[in-house]
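Each chain gets a letter, A, B and so on, in the order the sequences are listed, and its residues count up from 1. It should be emphasised that the depicted structure is a prediction, and the values quoted were computed from it without experimental measurement.
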Amino acid sequence: MVLVYIDHANGKIKKSSLEAATYGVQLASKMGTSACAVALGTIENVSKLGEYGITKVLHCTDARFDSFDARPIAKAVSEAAISIGANVVVMSFNQNGKALGPRLSVRLKAGIIPGASSMVDVSNGFKAKKNVFSGKAIADCEILTSTKIVSISPNTIPVAIVGGTCTVDAFNPSLTDADFAIKVRGVEMVKGDIPLFEADLVVSAGRSLKGPENWGMIEECAKILGAATACSRAVADVHWRPHHEHVGQTGLAISPNLYIAVGISGAIQHLAGVSSSKTIVVINTDPEAPFFKAADYGVIGDAMEVVPKLNIALKKLKAG
Amino acid sequence: MELKEQAGAGAVTVINVGPADNEQIIRKALAVGADDAVRINAGEDVEPFFVASQIANYAKGKGYDIIFTGKETISYNSFAVGGMLAELLDLPFVSQATKIDMEGSKGVVHREIEGGEEVLEVALPFLIAAQKGMAEQRIPNMKGIMSARTKSLEVVEAIAVDTYSKIAHYEMPPAKSACKMIGADDMDMLVDLLHNEAKVI
Ligand SMILES: Cc1cc2nc3c(=O)[nH]c(=O)nc-3n(C[C@H](O)[C@H](O)[C@H](O)COP(=O)(O)OP(=O)(O)OC[C@H]3O[C@@H](n4cnc5c(N)ncnc54)[C@H](O)[C@@H]3O)c2cc1C
């Protein structure tokens, strides 16, 4: 049996967890079994997971799970895994999955592949691939324990609706108030933006933009496309953009369908976070910029002139 | 070190799981102010569960108020040691933490989440996986380097731990096809390629 951990924010299932559900369902079918899900907290419409091929959802509606705390969640998920006899747990390698996966690994004595970027190969052992060394190599990781955990990188698999229904069972893990040691004082979200981690399209810019006042054209481009915005570390370091927008080795690792890099040199530490994007567009004045080697489409030119032109062309496309 | 200075009391122990070569770096940590150090003698390429188990074995029962780890290694980016260690020691755990302030015996910790940040409250003892922003990096000065020589660096042999996973092999990423260059005045062409060729917009 495969168990998928469902992460949520503001009562809604995250897209990254729908990817995990699809991944879990496809993995279960390769293993000749089915996939269940565990959902913790106040979440709308968990039965829709049936549409993605999940057969049963264990739902604990305890509101103490509405905010993320890795310790009680690891306890609850391991209890769910044991109760249904799951030998594989799947989750997203998002911020919460990064904290939960390792805890669960210890609790279930289960090896983990943190940040898998391929479907598990079950033909000879239990192996999945993962990008390592700043994207310079791919490691084929093998789990040797009988229970296994796979956390998947964003965009590893497209969310697939297969149709179907699932049962929703009430689930009441045995936890006490002392298990919930972390209290949320406040949450600061960047308003109205598409979360970078889940974005299919990303427009990103670097230090060459010379100041936060020049981000208008980047935001406009993102708005036309329905994309998220990102930046290089050089930009976040001088606080032109918030830190959680910075991608790369020390920032977020993303793999959107489209990554547009405006005036970013393409340092290896930057590429580490974006090189697995499906399509990369680079706009840079310097034909020797290292980013062109990682790009699919390149434009040599001044961002200040090229981006407004790109925006006009995009608007034309959107206007049909 | 910043927390110790703010509190005006306490001690900082640094711990590393690895070969003797790592002592150079451990001495640096002592030179910028750590009080003592431990190295668990182990090979270089060990899995996260091995590392976490060694640290847990050493730290268990020693009464540390706060344990800090980094959020991830820059080679494998697994984000694993902190969470595993927290579970082995049954401690509350804040990952991707960018800031901490102590309010008595409570830590107020900022944690990066998708699209923002949350501010959390957690009572001692706890474990934090830190990332950029947590503290100002310090550079050792001469006095620090001298005093580091006399500080204790205990070496402990590793305990045996089950193997959870291994890397079966490495391969090169698929070669990228050559970049298509588009003229700076030809944005209609770029949009057309993205729409009809790459099919991403
Ligand atoms: C341990 C470590 C970790 C790091 N982690 C990260 C990380 O996670 N993410 C990250 O991004 N960086 C990271 N870095 C920093 C990285 O090495 C680079 O310094 C950084 O990415 C550079 O940012 P940039 O490309 O915006 O700026 P620059 O390197 O200054 O590049 C600017 C680019 O813009 C071009 N340009 C100039 N003017 C124009 C114009 N008018 N129009 C168009 N193009 C123009 C230039 O030709 C140049 O290529 C890390 C570094 C270290 C040492």
Check ion pair [X]-[Y] (N to O, under 4.0 angstrom):
X	Y	value
B/E154	B/R39	no
B/D188	A/K316	yes
B/E171	A/K136	no
A/K127	A/D121	no

Which residue out of [options] racks up the most heavy-atom pairs below 4.5 Å with chain B?
options	answer
A/P287, A/P242, A/A137, A/G186	A/G186
A/V132, A/D69, A/L225	A/V132
A/V281, A/V106, A/L258, A/L252	A/V106
A/V306, A/I283, A/I312	A/V306
A/A181, A/S16, A/A139	A/A139
A/N131, A/I112, A/D237, A/I280	A/D237

Toward chain B, the part of [X] with a non-hydrogen atom under 4.5 Å:
X	result
A/S277	backbone
A/K293	backbone
A/K109	both
A/T145	both
A/A227	neither
A/V282	neither
A/A253	neither
A/D179	neither
A/L196	neither
A/F93	side chain
A/L201	side chain

Please flag which part of [X] lies under 4.5 Å from any non-hydrogen atom of chain A: side chain, backbone, both or neither.
X	result
B/H169	both
B/D192	neither
B/K176	side chain
B/L194	side chain
B/F49	side chain

(message) Here's one to test your reading of the geometry: is the NZ or CZ of B/K71 within 45 degrees of the ring axis of B/F79 and under 6.0 Å from its centre?
(response) no

(message) Ring of B/Y58, cation from B/K60 - is the NZ or CZ under 6.0 Å from the centre and inside 45° of the axis?
(response)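 Geometry flag: not set, cation outside 6.0 Å or 45°.
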
(message) Before you tell me yes or no, could you show the steps for A/D7 and A/M91 under side chain to side chain contact (heavy atoms under 4.5 Å, CB included), namely the whole-Å CA-CA distance, both residues' side-chain angles and the distance that decides it to 0.1 Å?
(response) CA-CA 8 Å; A/D7 191 17; A/M91 67 183 74; over 6 Å; no

Can you tell which of [options] has the highest number of heavy-atom pairs within less than 4.5 Å of chain A?
options	result
B/V122, B/L120, B/V81	B/L120
B/A168, B/S95, B/A129	B/A168
B/L190, B/D90, B/D185	B/D90
B/Q96, B/E72, B/K199	B/Q96
B/G107, B/P48, B/P92, B/A123	B/P92

(request) Tell me, with the steps shown, if A/K14 and A/N94 meet side chain to side chain contact (heavy atoms under 4.5 Å, CB included). (result) CA-CA 10 Å; A/K14 290 183 184 171; A/N94 63 1; 3.8 Å; yes

(request) Output the distance between atom CE (A/M189) and atom NE2 (A/H244), rounded to the nearest 0.5 Å. (result)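 The NE2 atom of A/H244 is 8.0 Å from CE of A/M189, to the nearest 0.5 Å.
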
(message) Can a donor-acceptor pair be found, under 3.5 Å and without considering hydrogens, that links the side chain of A/S117 to the backbone of A/S153?
(response) no

(message) Is it true that A/S134 and A/Q249 share a donor-acceptor pair across their side chains at a distance under 3.5 Å?
(response)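 Yes, side-chain donor-acceptor contact under 3.5 Å.
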
(request) Using only heavy-atom distances, determine whether the side chains of A/E245 and A/T229 contain a donor-acceptor pair under 3.5 Å. (result) yes

(message) Please identify which of these residues, B/E121, B/E118, B/E117, meets the salt bridge (Lys or Arg N to Asp or Glu O under 4.0 Å) condition with B/R111.
(response) B/E118

(request) Apply the side chain to side chain contact (heavy atoms under 4.5 Å, CB included) test between B/S53 and each candidate in B/D162, B/V161, B/V46; give the one that qualifies. (result)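 Running side chain to side chain contact (heavy atoms under 4.5 Å, CB included) over B/D162, B/V161, B/V46 with B/S53 returns exactly one hit, B/V161.
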
(request) State, with a plain yes or no, whether a side-chain heavy atom of B/N16 is found less than 4.5 Å away from one of B/I40. (result) no

(request) Evaluate whether atom CG of A/N124 has more than 12 neighbouring non-hydrogen atoms of other residues, nucleotides or ligands under 6.0 angstrom away. (result)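 Open: at most 12 neighbouring heavy atoms sit under 6.0 Å from CG of A/N124.
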
